Amino acid sequence: MHTFETKIQELKVSVLTEVARLAWTDKTQSAILDIPEKIIPGPEASLRCCIYKERAIISSRIKMAMGGDKTNPSVVEVLPIACDECPVTEMTVSASCRGCLATRCVHACPKDAITIVNHRASIDHAKCITCGKCLTACQYSAIVKTQRPCEKGCPAKAISMGPDKKATIDINECISCGNCVYQCPFGAIQDKSWIMDAIQMIRGGEHWGYKTYAVIAPSIAGQFAPATYGQVVAGLKQLGFSGVAEVALGADMVADRESDELAEKGMLTSSCCPGFVGYVKKKHPDLNEYVSHTPSPMVMIGLHLKY
């Protein structure tokens, strides 16, 4: 039996499983609306305030399992209905405040948002711009910045709060690293799935005569325990894939080609991770010339299989 690190992962797999099952049997149009009630049977809510909200969130996850918003080029999207449990990012005065005479926090604030009330610092959040100057000024570390996990975990600083206090992703800054997906404790940010496209490709190959290959990472050996590696490969072929290849072979190809490129240029950064490449392009464009022109292992193994 497969074990999950979090309940969020379990829900994601449940939704993907049901969507895939319907896609295989051509029942997507007729039975897709039945999935929320199947996954959340009720009558009592177990995760949110009521089963109706839980089912509404499952409906949003179903949309992501089917490719998400087609007009949004980002790999990850916020599920607005699920984003309402985190505290608002703000500066907060903790119990460590001593009501000192120096009041450095008051003098450090550029917006006059801090006053002393009953010998204790008080922050007017209507004025506060969360600049953090009071945080560094306090000698008792009595002021803390309570920040949403998604904001804190985003290396590109692409996440902020919208007017409705829900997370918003700036696609011009987002590098699609997926860290926000993992960091969100409520599963309100999710990566899109192309599982239906994969199923259509497999079934189309049977009709049109082309071949489809499953390219797997070495870590897959531990994803389906206690099944053996050979059983996983056999299962993928039984699903309809023409063959199975390991992306590690593509990594070997990349290493071989990049060694020549490094010798030629003298300085080189990896092109293997799309998130890393995106970060360089958007945050440090001056270093873009050092990014290897060699495709990623995934692309290399794809070219190998195609040609």
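Note that the structure is predicted; figures quoted are calculated from it, not measured. Quick note: residue numbers are just sequence positions, from 1.
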Under 3.5 Å donor-acceptor pairs involving side-chain atoms of residues 38-46, not counting sequence neighbours:
unit_1	atom_1	unit_2	atom_2	d
Lys38	NZ	Glu18	OE1	3.0

Would you tabulate the side-chain donor-acceptor contacts of residues 295-307 under 3.5 Å, counting partners in other chains and residues two or more places apart, or write 'none'?
unit_1	atom_1	unit_2	atom_2	d
Ser296	OG	Val299	N	3.4

Show me the donor-acceptor pairs, under 3.5 Å and distance only, between side chains in residues 134-150 and residues at least two apart or in other chains.
unit_1	atom_1	unit_2	atom_2	d
Thr136	OG1	Lys133	O	3.0
Gln139	OE1	Arg104	NH1	2.6
Thr146	OG1	Glu90	O	3.0
Arg148	NE	Pro87	O	3.3
Arg148	NH1	Lys165	O	2.8
Arg148	NH2	Lys165	O	2.5

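Contacts of Glu54 classified as side chain to side chain donor-acceptor pair (under 3.5 Å), with partners at least two apart in sequence or in another chain: none. For His107, the ring-ring contact (aromatic ring centres under 6.0 Å, His included) criterion is met by no residue, not counting sequence neighbours. For Ser292, the side chain to side chain donor-acceptor pair (under 3.5 Å) test picks out Glu258, Glu261, Thr294, with sequence neighbours left out. Residues passing the side chain to side chain contact (heavy atoms under 4.5 Å, CB included) test with Asp256: none are found, sequence neighbours excluded. Taking the ring-ring contact (aromatic ring centres under 6.0 Å, His included) definition, one finds that Tyr279 meets it with His284, sequence neighbours left out. In terms of the side chain to side chain donor-acceptor pair (under 3.5 Å) criterion, residue partners of Asp191 (sequence neighbours excluded) are, by chain and number, Lys12.
Residues Ile57 make up the rest of the hydrophobic cluster containing Ile81, defined by ILVMFWY side-chain heavy atoms closer than 4.5 Å, directly or through other members. Alongside Ile169, the hydrophobic cluster contains Val76, Val78, Ile159, Val181, Ile189 (criterion: ILVMFWY side chains under 4.5 Å). Here Leu79 sits in one hydrophobic cluster together with Met64; the rule is ILVMFWY side chains under 4.5 Å apart, joined directly or through other members.
A donor-acceptor pair shorter than 3.5 Å can be found between the side chains of Glu246 and Tyr229.
In this structure, the side chains of Ile32 and Ile62 come closer than 4.5 Å at one or more pairs of heavy atoms.
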